There are 2 protein chains.
Amino acid sequence: MTGKKNSYKLGKIRVENTEKILEVAEKKFVENGFHGASMQMIANEAGLPKANIHYYFKSKEKLYDEVLTRIIGSWNSVLKDITPDDDPAEVLERFIYKKVELAYKFPQASKLFALEIIHGAPHLKDHVRIDMRRWVREKAKVIQAWIDQGKMAKVDPVHLIFMIWSSTQHYADFESQVLAIMNRAEYEEEDINTISEFLASVILRGVGLKPTGKIIPNTRND
Amino acid sequence: MTGKKNSYKLGKIRVENTEKILEVAEKKFVENGFHGASMQMIANEAGLPKANIHYYFKSKEKLYDEVLTRIIGSWNSVLKDITPDDDPAEVLERFIYKKVELAYKFPQASKLFALEIIHGAPHLKDHVRIDMRRWVREKAKVIQAWIDQGKMAKVDPVHLIFMIWSSTQHYADFESQVLAIMNRAEYEEEDINTISEFLASVILRGVGLKPTGKIIPNTRND
DNA sequence: GTCTATACAAGGATAGAC
DNA sequence: GTCTATCCTTGTATAGAC
C-alpha cells in the first residue's frame, strides 16, 4: 500500500510538473522560436532544474512535439457535424464567432501553429496533414451542396474556409500589430464582439447571406 | 586612377556579396527562424567564408535588421494616393489584387514579416510602428468618407483593412498548409487570378460594392 | 579586401550522487 | 524521482596571415 500511495503521490507530481513545463514551453517557443527558447529558460520559468525537463521529455524536440500535438488536439471540436440541410448563415456565423473566440482565448496556441506552418510545417505529422485535408474537403462538400441548392452565392468553398481561418486568426497571430494600430494594450471582451460582428457581417453578405443575429456573444454556442 | 579603378572593382564585389548574403539570409531566417539559422549556413549557401559575413555585417542581429528593413521599405508603394473622390470598388479591388500579387511574388518577405510580428515585433523600430499606424489611419479616413457619402456599407474601416491584409497574406504565410490542402506542389498564375477574384468578389459584396471587373490579371495595375 | 584558425560562450544532454 | 556537476557540440565573433 505504501508503494501504491507513493507512486500515486509521485504520479501527481509528474502530472503537475509536465503540465507546468508544457505551459511554459508553449509560451517560450512562441516568444523566441524553437531554437531561441532554451531548456534553461523553460526550466527557470517552470521552477525546476534543467535536468528535470530532460527527465520528463527525452529531448527538446519531443517537448516541442508534445506542445504542438496538444494544440492540434484541442481543435477538433469546431464545426463538428454540419449537413446540407443546415442553414448556411447560421453555421458560418457560428464558425466565425467560435474562431474569434478561440483566437482571443488561446492566442499562444494559434501563434505556435502559425509559426510551424510558416516554417513549412517540419514537425507536423503526416496524419495531421491528411486529417486537415479531409476536414476541409468534408466542409467544402457541404458548402457546395448549399450553393447547388441556391442557398448562397457561387463561391469556391475551399477559399471561403481559408478566408474565415485567416481573417479570424489574424487577431491572435498579429495581435501585436493589431493592438499597436488600434492603440490598445490588450483586447477587451467588447473588441471580440465587434470583431466577430464585423467579420460575420462582411463575409456572410459577401457570399449572399444575411447575418442571423442569433448569436449571443460570450456564451456557449457550440 | 588605379586607386579609383580598384575601389570601384572592390565596391562592385561588395555590392554583389552583400546582395547575395541578404538574399540567402532572408531565406534561411524564414526556414529556420532567427536562432535556427546559423551564420555558417548562410555563409555556405552564399558561397563565402563565415568571416566575410561578419565583415559585411557587424553581427547576426545587424544582418537580420537589414533584411527586415529592406522588406518593410519595399512595401510603401501600395495604395499610395487615394481620395474621397475615388471609386471605392476600384480602389479596394486594386488593393486586393496588388496584395495577392505581392504574396505570390515575395512570399519569403511576407513570411519573415509575419514571424517578426508573431514574436511580438522585437526588432521593429518605433518609427515603423508609427508609420504603419499613420498609414492605416489615413486610409481608414478615406474609407470613412466613402461611407459617409453613402458609397458603401457602414463597416469599420480599420477592420476592413485588417481583413484585406489577413486574407491576402494568408496565401503567402500559410503557403505550405494551403498547398497541402489544395494538393498542389506550388501556386500557378491561374491560382493567383482565382484567389484575387474570389477575395475581391466576397469582400466587395460584403461591404455593399460590386466588383468592377476592370482589372486585367498579371499586368501593372498600380 | 579576403580567408584560416581560434577564442569564448551557450546550449543540449547525461552521469551519478542523493 | 530529483538535482548537481559536467561533457561535448555548435555558434558567434575576431585576430592575424595573406
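We use all heavy atoms of the structure for the numbers below, so side chains are in, but hydrogens, waters and symmetry mates are not. Not measured: the values here are computed from a predicted model. Below, chain A is the first sequence line, B the second, and so on; all start at residue 1.
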Item to check | Pair B/Lys27-B/Gln108, side-chain donor/acceptor within less than 3.5 Å | outcome: no

Taking [Y]'s backbone N and O only, do any of them form a donor-acceptor pair with [X]'s side chain (distance below 3.5 Å, no angle check)?
X: A/Asn193; Y: A/Glu190; answer: no
X: B/Asn44; Y: B/Met41; answer: no
X: A/Lys60; Y: A/Ala37; answer: yes

Look at [X] and [N] and indicate whether a side-chain polar atom (N or O) is within less than 4.0 Å of OP1 or OP2.
X: B/Tyr56; N: C/dT2; value: yes
X: A/Asn17; N: D/dT2; value: yes
X: B/Tyr55; N: C/dG1; value: yes

Whole Å only: how far is the [atom1] atom of [X] from the [atom2] atom of [N]?
X: B/Ile21; N: C/dG1; atom1: CD1; atom2: P; result: 12 Å
X: A/Phe29; N: C/dG11; atom1: CZ; atom2: P; result: 13 Å
X: A/His54; N: C/dA15; atom1: NE2; atom2: C1'; result: 14 Å
X: B/Lys28; N: D/dG11; atom1: NZ; atom2: C1'; result: 16 Å

Checklist entry - For A/Asp126 and A/Arg129, what are the C-alpha separation, side-chain angles and deciding distance, and is it a salt bridge (charged side-chain N to carboxylate O under 4.0 Å, His left out)? => result CA-CA 5 Å; A/Asp126 277 344; A/Arg129 278 180 244 266; 3.4 Å; yes

Checklist entry - In residues 32-51 of chain B, which residues come under 4.0 Å of DNA chain D by heavy atom? => result B/Ala37, B/Ser38, B/Met39, B/Lys50, B/Ala51

Checklist entry - Tell me, which of residues 59-67 of chain B have any heavy atom that sits under 4.0 Å from an atom in DNA chain C? => result none

Quick one: pull up [atom1] in [X] and [atom2] in [Y] and give me the separation to the nearest 0.5 Å.
X: B/Tyr64; Y: B/Leu112; atom1: OH; atom2: CG; value: 4.5 Å
X: A/Lys28; Y: A/Phe34; atom1: NZ; atom2: CZ; value: 16.0 Å
X: B/Lys20; Y: B/Leu22; atom1: NZ; atom2: CG; value: 11.5 Å

